[in-house]
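Numbering of residues begins at 1 and proceeds along the displayed sequence. All heavy atoms count here, side chains included; hydrogens, waters and symmetry mates do not.
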Amino acid sequence: MPVFDVTVQGKSYRVEIPDPAASPLQVIVDGEPFAVQIVGARPEARPLPLAPAPQPAPQPNPLPAPPRVTVSRPNVPAGAETTDHIVAPMPGTILAVQVQVGQQVEAGQVVCILEAMKMKNPIRAIHPGRVAEIAVQPGQAVAYGQLLVRLE
């Protein structure tokens, strides 16, 4: 309930307003109730109902763990360990193969260059390993997910 200390012609009063939206407006001045009618006031000057006291914001629930998703890639044998398979991240044309079968590669080493949308994209090994198979050759068109190089 809103409470105001007001001064009228030098005298102080304590005014309580139990329901600011009531018409006529009920007020309690120094403990004595009064009915007050607002006359001739502009509509925007009329007291507006007070907003309820703010409530604390609810704490968000932690998000559940995302479900495990298995992605099948075209042209990669079912059940193959995809971490050992370097696959095409997009369709394009192989411009160069920069490794040979039996060669040791380091994580991040470029194994081939794939041209897609007129851009040369270096395709890199995800982890170190030995090249077990090269499944493409320069000039070959490849599809998304197609096996390029298999590591052991």
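Smallest separation of non-hydrogen atoms from A143 and A88: O-CB, 3.3 Å. Contact record, Q109 with Q104: OE1-O, 4.1 Å, taken as the closest heavy-atom pair. Residues V136 and Q146 share a closest heavy-atom pair of CG1-NE2, 4.3 Å. Taking both residues in full, the closest heavy atoms of A125 and V105 are given as CB-CG2, 4.1 Å, listed atom of the first, atom of the second, then distance.
Side-chain atoms of L148 and V111, non-hydrogen and from C-beta on, never get closer than 4.5 Å to each other. P138 is listed as a side-chain neighbour of V97, based on a closest heavy-atom distance under 4.5 Å.
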- Query: Between I94 and L114, is a side-chain contact (heavy atoms from CB on, under 4.5 Å) present by the stated rule, with each step listed?
  - Reply: CA-CA 5 Å; I94 299 297; L114 174 70; 3.9 Å; yes
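Distance CD1/I86 to CD1/I126: 6.5 Å, rounded to 0.5 Å. Interatomic distance, M90 CE to I123 CD1, rounded to the nearest 0.5 Å: 6.0 Å. Note that the CG atom of L151 and the CD atom of Q103 stand 10.5 Å from one another [nearest 0.5 Å]. Atom OH of Y13 and atom CG of D5 lie 13.0 Å apart (nearest 0.5 Å).
Residues meeting the side chain to side chain contact (heavy atoms under 4.5 Å, CB included) test with P122, sequence neighbours left out: V110, I113, R124. Partners of E133 under the side chain to side chain donor-acceptor pair (under 3.5 Å) rule, at least two apart in sequence or in another chain, are R150.
Electrostatic pairing of R14 and D30 does not count as a salt bridge here, judged by no charged N lying under 4.0 Å from a carboxylate O.
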